[in-house]
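Let me begin by presenting the structure, written as C-alpha cells, before commenting on it.
Here is the naming used below: chain letters follow the sequence lines, and residue numbers restart at 1 for every chain.
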Amino acid sequence: MTNWRRFRLAGWLWFCKWRVSLDNLGDWRKSTWCGSVGESDIGSELTLMGWVQRRRDHGGLIFIDLRDRQGLVQLVFNPEPASEGSVNDGKGVHALAHTLRSEFVLAVKGIVSKRPEETENPSLKTGMIEVKVSELKILSSANALPFQIDDDTDAGEDVRLKHRFLDLRRPVLQQSLMLRHKVSMAARNYLSDNGFLDIETPMLTKSTPEGARDFLVPSRMNAGHFYALPQSPQLFKQILMISGFDRYFQITRCFRDEDLRADRQPEFTQIDAEMSFVGTEDVMGCMEGLIGHVFKEALGVELDASFARLTYDEAVGRFGLDAPDVRFGMELKDITELVKGCGLKVFSSVAASGGIVKVITAEGAASFSRKELDGLTELAKTYGAKGLAWVKLNADGWQSPIAKFFSDEEKKAIEEAAGAQVGDLMLFGADKATVANTALGRVRLAIGKRLGLIPEAIDSSTKEGFSFVWVTDFPMFDYDEHEKRYNAVHHPFTSPRDEDMELLKTDPAKVYSKAYDLVLNGQEIGGGSIRIHDPKVQAKVFELLNIGKDEASSKFGFLLDALSYGTPPHGGIAFGLDRILSIMIGSDSIRDVIAFPKTQKAYCMMSEAPSEIDSKQLEDLFLRVTKPVQT
RNA sequence: GGAGCCGUAGUUAAGUUGGUUAUAACGCCGGCCUGUCACGCCGGAGGCCGCGGGUUCGAGUCCCGUCGGCUCCGCCA
C-alpha cells in the first residue's frame, strides 16, 4: 500500500467514525431473508438486511455474518472499487466495513456468488454461497454487548432476562417463539374447522376467592371496589354455552397470584375450549384430534389417534401421582397386607392404622451407593415421608438395615409381590396413602432419570418422544384437615358421575367426577370436565363445599341465575400452552417459551415491573399503601 | 412461610490455612493481517469481590444479617 493510499484510507476511517448520522433506509427493501439465500440465487443481486453476527476482518478481505430470524449469510467485502453509481464507491464500502461491530444493523446490496473451492462451510445452511457486497448502509450501530448473541451463550438467566431484547435475538429463542406461533395457529385452525367460535371474555372480571389468589385491579369509577384478572375464563365459557354458542375456544392469558415454579408463571396462556351436548368421551376425542393436529403441523409428528386412559385411582395406585410418567414401568406395588404382622414396627403399625405400605423395584440398582440412597431418602422426606426403607437384593439375600425384621417367608413374599430379582433395589414407602404414594411416586421418577429410563433429551421428531395419557374419574372432593371441610379437587362446577349422584347426599368422599386431565411425559398439560348443568346439583355441591347460599349468590350468582334459564349439558377443557411448548422443545422451564417471563419473585427484570406508583395515582383510586415502604 | 444451591472485570469462571499489587478465558479498545467462518498475531483498558455489620494486626476467604437469581416443599379450585 502506498503512503498516499494509506493516507486516503486513514482519512476514510476517520470520516466514518466522525460521522454521527446513520444511513436512511431510503427506497431500499430487502429481497429475501439472510438465512434463505441459496444456490439458486447465485449470480443475482440481492438486497439483504440484518444484524452483524460476527466480523472477521483480515485487513484486506472482511467477512461479515449477517443474521436475521431465518439464519446467517456470509458477506464479503473486497478492497476493490465497486460498480459506478453505488452509494459508496468500492473503497468506501470496504473502509466502512472496518467500522462494523457486533449487532450493527445493516442493509447491503451485492451479488450472490458460489464460494471458492475449499472455502465452503457445510455447517451453515447458506455455507455454499456468499454475498459480494457492492453497497452498504449502516442502519443502526450498537453498544458493546453484555453477552454474546449465541445459542450456547454462557450468560446467566438473570443477565439474559434483563436484556431480553438481546436474548430474544438468539436463534434458539427465535425458533421457540416461531414454534409457539405454529402451535397456536394450528390450534386455532383445528378448532375453527371443527365449529369452535373464538370469543373473547373479560380481563377485568369478578374476584372469586375460591382457588388461586387473584390479581386485583382497583376501580377508579367505583371507590373501594376491585376487578380481578381472570384465573381462567371458566364461568364465562359456561355462560357462552348457556347462551347457545355450542362450541367456544380462546387462546387466552390467565393470571394466578401464587408462588412461581419452573412450570408456573403469574400470567400464562391457556388453549381454552368448551362444548355443548357432550359427554367426557366427546371432549377427550375431540381434543385428541386437536393435539394430533398441533403436533403434526408444528413438529411434523404423527401421534396415535387416541391416547391411553387411566383412572385417577389407577394412576395414583400404580405410579403414585395423578400425573403419571408412563414411559417406564417400575410401578408401585401394595404390600400392606403382607407386612401387617411383620417385625418392623414402622410397617406393621402403618398397616394397622389405615395407612399403606408400598414398594417399587429398581432393576439392577442394587449397586446404588449409600450416598445415592441417602439422596433418595431426602427426596422422599421433602414430600412428607418419614424415611425410605431400602433393600438390595443380592445373591446371598437381603442387604438392608431392615432385613433382620423379616422372616424368610416374609422376604420371599415381598420379593414376589415386588417382582424383584437378584441385583435389584427395592424401596419402600409406609405412611398414610397420600404421603406414601407421592413420596414413592417422586422417588420412582428420580430413579427413572438416574437409570436412563426417562431420556435426558426427548426426540421431538418422532411420536416415541411423547407419551400421552388421560387421567379420568377424579374424586369430586378432598377433605381439608386444617379447615375441616371439603375442597373441590377440580373446581366447584365439575359434574359428579351420573352413578355417584346419590352418594352426594350420603357419602361425598366417595363421589367421583367427570373430570379428566391430559398428561404428557409425566406433566399435566391440560384438564377439564363435564360441568354441572342442573342448578339443584350445583346448589348441593356448593353446600358440600361449605359455600353458603348468600356466599354462592354473591360470588357466582350470575352463573346460578344463568343455569336456571335453560342450560345444555356441556363440558370443556383448557391446555397449558406454555407447558406443551416447553415439553416440545425439551426445556424444563416455561420461561424458555415465553417472550417476556418473570423471575421467581414475579419480577420483570427488563421492564422492572412491578414498581411503586406515585401518590396521585393512588389518590385517584382511593387507595392507601400501608406496607412500610423501605426500612 | 420453609429448605437447598449460587452471587468476584461487560460475560463465564479460578482464587490454597485468613497474609504482598485479586487471576484466566471470552468480549471490549488500539495496531497488523486478502479466504475466514469460535479467523490469526501483537499491545491495552477494565474490579464497591451483591449490600450492611461483626471477628481479626489483616477478610474475596470466617460469622451474623440482608438483597437478588435458580430449584424445591407449602401454595397453585
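Among the nucleotides B:C73, B:G35, B:U71, the one closest to the side chain of A:A262 is B:U71. Nearest to the side-chain atoms of A:R54 among the listed nucleotides B:A38, B:G74, B:G10 stands B:A38. Checking B:U34, B:G69, B:U11 against every side-chain atom of A:D154, the shortest atom distance belongs to B:U11. Listed nucleotides: B:U36, B:C37, B:U12. Nearest to the side chain of A:D65: B:C37. With B:C37, B:G69, B:U34 as the candidates, the nucleotide lying closest to the side chain of A:N78 is B:U34. Across B:G35, B:G69, B:C72, the shortest atom-to-atom separation from the side chain of A:T119 is found for B:G35.
In this structure, A:F63 packs face-to-face on the six-membered ring of B:U36, meeting both the 5.5 Å centre cutoff and the 30° plane limit. For A:H58 and B:U36, the ring-to-base geometry does not satisfy the stacking test (centroid distance below 5.5 Å, interplanar angle below 30°).
Rounded to a whole angstrom, the distance from the P atom of B:C29 to that of B:U66 is 42 Å. Taking the P atom of each, B:U8 and B:U55 are spaced 27 Å apart, rounded to whole Å. Comparing the P positions of B:G47 and B:A22 gives an interatomic distance of 12 Å, to the nearest angstrom. Nucleotides B:G30 and B:G35 have their P atoms positioned 23 Å apart, rounded to a whole Å. Separating the P atom of B:C67 from that of B:G52 is a span of 15 Å, rounded to the nearest Å. Atom P of B:A25 sits at a distance of 32 Å from the matching atom of B:C63, rounded to the whole Å. For B:C5 and B:G65, the P atoms lie 14 Å apart once the distance is rounded to whole Å. To the nearest whole angstrom, the two P atoms, one in B:C57 and one in B:G50, are 25 Å apart.
Here the P atom of nucleotide B:C70 and the CG atom of A:L260 are 8 Å apart, to the nearest Å. Here the P atom of nucleotide B:U11 and the CD1 atom of A:I149 are 14 Å apart, to the nearest Å. Atom CG of A:L72 is separated from atom C1' of B:U36 by 14 Å (rounded to the nearest Å). B:C29 atom C1' lies 9 Å from atom CZ of A:R101, rounded to whole Å. Rounded to a whole Å, the CD atom of A:E258 is 16 Å from the C1' atom of B:C72. Regarding A:D263, its CG atom lies at a distance of 14 Å from the C1' atom of B:C73, rounded to whole Å. Between the CG atom of A:L166 and the P atom of B:U11 there is a distance of 13 Å, given to the nearest Å. Regarding A:L75, its CG atom lies at a distance of 14 Å from the P atom of B:C39, rounded to whole Å.
The shortest distance between the side-chain N/O atoms of A:R591 and the OP1/OP2 oxygens of B:U71 is below 4.0 Å. Between A:R56 and B:C39 there is a side-chain polar atom (N or O) within less than 4.0 angstrom of OP1 or OP2. The phosphate of B:C73 has OP1 or OP2 within less than 4.0 Å of a side-chain N or O from A:Y383. Side-chain nitrogen and oxygen atoms of A:K601 include at least one within less than 4.0 Å of the OP1 or OP2 phosphate oxygen of B:G68. An OP1 or OP2 oxygen of B:G69 is reached within less than 4.0 angstrom by a side-chain nitrogen or oxygen of A:T599.
Where A:P116 and A:L145 each meet RNA chain B at their nearest nucleotide, the meeting point lying more 5' is that of A:L145. A residue-by-residue look at A:Q231 and A:G59 shows that A:G59 has its nearest nucleotide of RNA chain B further toward the 5' end.
Between A:D374 and A:R370 there is a salt bridge, with a side-chain nitrogen of the basic residue lying less than 4.0 Å from a carboxylate oxygen of the acidic one. In this structure, A:D65 pairs ionically with A:R56, as a charged nitrogen and a carboxylate oxygen lie closer than 4.0 Å.
Heavy atoms from other residues, nucleotides or ligands lying under 6.0 Å from CZ of A:R213 number 12 at most. More than 12 heavy atoms of other residues, nucleotides or ligands shown are found within 6.0 angstrom of CZ on A:F147. Counting heavy atoms of neighbouring residues, nucleotides and ligands inside a 6.0 Å radius, atom NZ of A:K114 exceeds 12 of them. Counted within 6.0 Å of CZ on A:R485, heavy atoms from surrounding residues, nucleotides or ligands total more than 12; the atom is thus considered enclosed. Enclosure of atom CH2 in A:W51 is not indicated, since only 12 or fewer non-hydrogen atoms of other residues, nucleotides or ligands lie within 6.0 angstrom.
A:T438 comes within contact range of no nucleotide atom at all, as no heavy-atom separation falls under 4.0 Å. No engagement by A:E524 is indicated, since no non-hydrogen atom pair under 4.0 Å with the nucleic acid exists. Across all strands, A:V76 comes closer than 4.0 Å to no nucleic acid atom at all (heavy-atom distances). No contact: A:D150 has no heavy atom under 4.0 Å from any strand. In this structure, A:G384 reaches neither bases nor backbone, as no heavy-atom distance under 4.0 Å exists between it and the strands shown.
No hydrogens or angles were tested; on distance alone, nothing pairs the side chain of A:Q148 with the base of B:U11 as donor and acceptor under 3.5 Å. Residue A:R264 places a side-chain atom within donor-acceptor reach of the base of B:C75, judged by atom type and a 3.5 Å distance cut-off alone. A:D158 contributes no side-chain N or O that forms a donor-acceptor pair with the base of B:G7 under 3.5 Å. For A:R160 and B:G69, a side-chain-to-base donor-acceptor distance below 3.5 Å is absent, hydrogens and geometry of angles not being considered. Side-chain atoms of A:R115 come within donor-acceptor range of the base of B:C37, with a qualifying N/O pair under 3.5 Å. Remark: the A:E130 side chain and the B:G35 base include a donor-acceptor N/O pair separated by less than 3.5 Å.
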Protein-nucleotides 3-5 of chain B N/O pairs under 3.5 Å:
none

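Applying the salt bridge (Lys or Arg N to Asp or Glu O under 4.0 Å) rule to pairs touching residues 515-532 of chain A yields A:E274-A:R531, sequence neighbours excluded.
Closest approach of A:P492 to A:I532, counting heavy atoms only: O-CD1, 3.8 Å.
Under the Watson-Crick or G-U wobble criterion, with both distances below 3.5 Å, B:G7 is paired with B:C67. Taking a pair to require two hydrogen-bonding distances under 3.5 Å in either a Watson-Crick or a G-U wobble arrangement, B:G47 remains unpaired. With a cut-off of 3.5 Å on both pairing distances, the Watson-Crick or G-U wobble partner of B:A24 is B:U12. Pair assignment for B:U56 gives none, since no Watson-Crick or G-U wobble pairing has each distance under 3.5 Å. With a cut-off of 3.5 Å on both pairing distances, B:U34 has no Watson-Crick or G-U wobble partner at all.
Between the A:Y227 side chain and the A:K206 main chain, no donor and acceptor come within less than 3.5 Å of each other. Between the side chain of A:R101 and the main chain of A:A142, no donor-acceptor pair closer than 3.5 Å is present.
Within the 6.0 Å centre-distance limit, the rings of A:F493 and A:F556 are counted as a close aromatic pair.
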